[in-house]
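Below is one structure, written out as structure tokens; the observations come after it.
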Amino acid sequence: MEINEKVLLEETVEKIKSKKIKHILRIQQTELKAVDEFMYKKGITRMMPLMMAPITDTLNHSVEENELKYEGQDFDVMKSMIFHKQLALVNPELDSLYIVSPNIRLEKAERGDSRHLFEFSQVDFEFKNGNMDQVFSFMEELLTYVFSEVKANCKDDFEAIGVGTSHLDIVTPFKRYRTEDLREKYGEDFEEIASKESTQPFWLINHKREFYDAEDLNNMGTYLNYDLIWPMGYVEGLSGAEREYKYDRILVRMRELGVNEEAFRHYIELAKRGELVKSAGAGFGVERMTRFVCQQNEVSDVTVFCRKPGKGKYIF
Ligand code: ASN
């Protein structure tokens, strides 16, 4: 065994045995329990996750690709269930759904920072006929509920990890900023700087992103998408959008972004038949939420097993 592997083994055992991680997991469990309760009360149907599929999120950055085959057919690991959310809503009985969805994005080593994991979970939800305002007020209500449950039920855990809870006293509605305005004010690192300067979560609207995020037809070049930014430097916690669902618009956006139409031929076919429905939704990262709630330096501080992008960090 190489010497650095020995160090790695000792560090890993230390993390597995750490008292802190037990309390962080308990707080995360309380968050997820509250999310389920909230979704249940709101009548949002829960779907179980898929972990591989012939099509998955095209993302707006490149990651390492893995070859996965089943019975000679190409599959990809699930990067997000965005298309499966849209497709499931084709069912006329279903108005809304959510998934606690494990995603794999084999991030390049340069994303070995405090905010990325190459394997993580997100709570992904979608509303038929939804729009941005609806998603914003839904999410603000959800966070108010989740944080109040965490504060009420995890006092001992916060004490054990030496973290207060005043950052969970959120004030809704959150402020909304346009990316171009913040970029003008703060430069390219606008998201991080604005997050550091803020004590409340805020919405960031209008990024040019994946083809499935709708462009505002009354205001071309404006996109009906949004991120929720955690304050105090914890940066992006959620992303979502009103969706493109019309055949011609999907093709325009796919061509603009150079998406492989052949791989998406069945999805395109359903769009052509007019089966896809208008929807809006979002997904928020579970570990990122836990990082913010537990005020940890790195998102990898809230997981037992290391999935921080980079080389040679993994033994289990
Ligand atoms: N879940 C996100 C959404 O609903 C997509 C993503 O994870 N990239 O838009």
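Order of listing sets the numbers, starting from 1, for every ligand and every atom in it. In this chain, residues are counted from 1 in sequence order.
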E126 and S96: CA distance, side-chain angles, deciding distance, side-chain hydrogen bond (donor to acceptor under 3.5 Å, both in side chains) verdict:
CA-CA 6 Å; E126 197 76 13; S96 57; over 6 Å; no
Between T222 and D216, is the side-chain hydrogen bond (donor to acceptor under 3.5 Å, both in side chains) condition met? List the steps.
CA-CA 6 Å; T222 296; D216 185 350; 5.6 Å; no
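Taking every heavy atom of G283 and a limit of under 4.0 angstrom, the matching atoms of ligand 1 come to 1 (N), 4 (O). Atom numbering of ligand 1 starts at 1 in the shown order; those under 4.0 Å from a heavy atom of S80 are 5 (C), 6 (C), 7 (O). Of all the atoms in ligand 1, the ones that sit under 4.0 Å from a non-hydrogen atom of Q122 are 1 (N), 7 (O). Contact atoms of ligand 1 toward Y212: 5 (C), 8 (N) (distance under 4.0 Å to a heavy atom of the residue).
Annotation: atom 2 (C) of ligand 1 to nearest protein heavy atom, S239 O, 3.6 Å.
At a heavy-atom distance under 4.0 Å, only side-chain atoms of R243, from C-beta outward, approach ligand 1. With a heavy-atom cut-off of 4.0 Å, A282 touches ligand 1 through its backbone alone. For N225, no heavy-atom contact with ligand 1 is shorter than 4.0 Å. Contacts of K79 with ligand 1, taken as heavy-atom pairs under 4.0 Å, are absent altogether. Proximity of K85 to ligand 1, defined as any heavy-atom pair under 4.0 Å, is confined to the side chain (atoms from C-beta onward). When non-hydrogen atoms are compared, ligand 1 lies under 4.0 Å from neither the backbone nor the side chain of E242.
Residue-ligand proximity: F125 is placed with every non-hydrogen atom at 4.0 Å or more from ligand 1.
For the pair D124 and ligand 1, the shortest N or O to N or O distance falls below 3.5 Å. Of the polar atoms of D57, at least one N or O is found under 3.5 Å from an N or O of ligand 1, judged by distance alone. Ligand 1 has no N or O atom lying under 3.5 Å from any N or O atom of N103, backbone or side chain. Here's the thing with R105: one of its N/O atoms is less than 3.5 angstrom from an N/O atom of ligand 1.
Side chain of Y234 to backbone of I229: no donor-acceptor contact under 3.5 angstrom is found. With hydrogens and angles ignored, the 3.5 Å screen pairs a side-chain donor or acceptor of K128 with a backbone N or O of L89.
More than 12 non-hydrogen atoms from other residues, nucleotides or ligands lie less than 6.0 angstrom from CE of M220. Under a cut-off of 6.0 angstrom, the local environment of CD in E275 is crowded, with over 12 non-hydrogen atoms contributed by other residues, nucleotides or ligands. Summarising the local packing, CG of D156 is surrounded by 12 or fewer heavy atoms from other residues, nucleotides or ligands at distances under 6.0 Å.
Applying ring-ring contact (aromatic ring centres under 6.0 Å, His included) to F38 and the options F138, F125, Y98 leaves one that passes, F138.
F211 and F83 have parallel rings, their planes meeting at less than 30° on a 0 to 90° scale where 60° marks the start of perpendicular. Taking the six-membered ring where tryptophan is involved, the planes of W203 and F136 are essentially parallel, since the angle between them stays under 30° and well short of 60°.
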